Amino acid sequence: MFFHIILERNMQLHPRHFGPRLRDKLVSKLMKDVEGTCSGRHGFVVAIMGIEHVGKGLIRDGTGFVTFPVKYKCVVFRPFKGEILEAVVTMVNKMGFFAEAGPVQVFVSNHLIPDDMEFQSADTPNYTTSDNSVKIQKDSEVRLKIIGTRVDATEIFCIGTIKDDFLGVISDPGAAS
């Protein structure tokens, strides 16, 4: 799920950047350092929406660097147990498949795939129904449900299922050919 939150960060700036464009340099450095990162507490920082406040800088002894406290508004993505996501399959093996929903990687075990689907280890590994009407392979789009998350300091891992109503393949790249 996506949230708008306000976060704080101490930014260090080299003295060569002091001048009329100091604030612009702080903003660009903040975007470069923060966008695309993950904190276990808040989730993945998708985008910085704006700067709320830049505090007074503190000169660091001996280096000349200045530390500025910066408050900024951003959009974060944090998956929760029970949430339904649409994801793209990145890898299929006999244990299950991995899919990516934005920045988060989800593993779906073969025990959480419907019973009528079997693993086929052909030239492109896939899970196929007995009548060959539905196929899950690399680059297939699936709708899945998060049944578990594990949060590290810098990463979020998810376990998902497609063994429920209205879950499964949305589009199959192999069907177009």
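Here the structure is a predicted model, which is why all the values come from computation and not from measurement.
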### Query
Taking a hydrophobic cluster as the set of Ile, Leu, Val, Met, Phe, Trp and Tyr residues connected by side-chain heavy atoms closer than 4.5 Å, whether directly or through intermediates, do M91 and V88 fall within one such cluster?
no
### Query
Are M95 and V92 connected in a single hydrophobic cluster, I mean Ile/Leu/Val/Met/Phe/Trp/Tyr linked by side-chain heavy atoms less than 4.5 Å apart?
yes
### Task
Can you label the angle between the F107 ring and the F98 ring as parallel, tilted or perpendicular, going by 30° and 60°?
tilted
### Message
Restricting to side-chain hydrogen bond (donor to acceptor under 3.5 Å, both in side chains), what partner residues turn up for T129, sequence neighbours left out?
### Response
D131, S133
### Summary
By side-chain hydrogen bond (donor to acceptor under 3.5 Å, both in side chains), T128 pairs with (sequence neighbours left out) N126
Show me the donor-acceptor pairs within less than 3.5 Å that the side chains of residues 108-123 make with the rest of the protein, sequence neighbours left out.
from : atom 1 : to   : atom 2 : distance (Å)
S109 : OG     : H111 : N      : 3.2
N110 : ND2    : K94  : O      : 3.0
D115 : OD1    : K163 : NZ     : 3.2

Atom of [X], atom of [Y] and distance for their closest heavy-atom approach:
{"X": "Y127", "Y": "N93", "answer": "OH-O, 2.9 Å"}
{"X": "S140", "Y": "K135", "answer": "OG-O, 3.8 Å"}
{"X": "G64", "Y": "P15", "answer": "O-CG, 3.1 Å"}
{"X": "P79", "Y": "T149", "answer": "O-CG2, 4.0 Å"}
{"X": "V106", "Y": "G160", "answer": "CG1-N, 3.6 Å"}
{"X": "N10", "Y": "P69", "answer": "OD1-CA, 3.5 Å"}

[atom1] of [X] to [atom2] of [Y]: how many Å apart, nearest 0.5 Å?
{"X": "K138", "Y": "T124", "atom1": "NZ", "atom2": "OG1", "answer": "11.0 Å"}
{"X": "C74", "Y": "E52", "atom1": "SG", "atom2": "CD", "answer": "10.0 Å"}
{"X": "H17", "Y": "Q12", "atom1": "NE2", "atom2": "CD", "answer": "12.0 Å"}
{"X": "L144", "Y": "F97", "atom1": "CG", "atom2": "CZ", "answer": "6.5 Å"}
{"X": "H53", "Y": "K71", "atom1": "NE2", "atom2": "NZ", "answer": "7.5 Å"}
{"X": "R9", "Y": "K29", "atom1": "CZ", "atom2": "NZ", "answer": "7.5 Å"}

#### Entry: Other ILVMFWY residues reachable from F157 by side-chain steps of under 4.5 Å
none
## Note on the structure
Members sharing L22's hydrophobic cluster, built from side-chain contacts under 4.5 Å between Ile, Leu, Val, Met, Phe, Trp and Tyr, are M1, F3, I5, L7, M11, L13, F18, L26, V27, L30, M31, V34, V45, I48, I51, V54, I59, V66, F68, V70, Y72, V76, F80
### Task
Given side chain to side chain contact (heavy atoms under 4.5 Å, CB included), test V104 with I146 step by step and report yes or no.
CA-CA 11 Å; V104 71; I146 303 292; 6.0 Å; no
### Task
Could you go through the side chain to side chain contact (heavy atoms under 4.5 Å, CB included) check for V75 and M49 one step at a time?
CA-CA 7 Å; V75 176; M49 303 305 292; 3.6 Å; yes
## Note on the structure
Residue set satisfying side-chain contact (heavy atoms from CB on, under 4.5 Å) with K145, at least two apart, ordered chain then number -> I84, T161, D164, L167
### Query
What do the steps show when you test F44 against R78 for side chain to side chain contact (heavy atoms under 4.5 Å, CB included), and what is the final call?
CA-CA 6 Å; F44 295 92; R78 169 118 193 218; over 6 Å; no
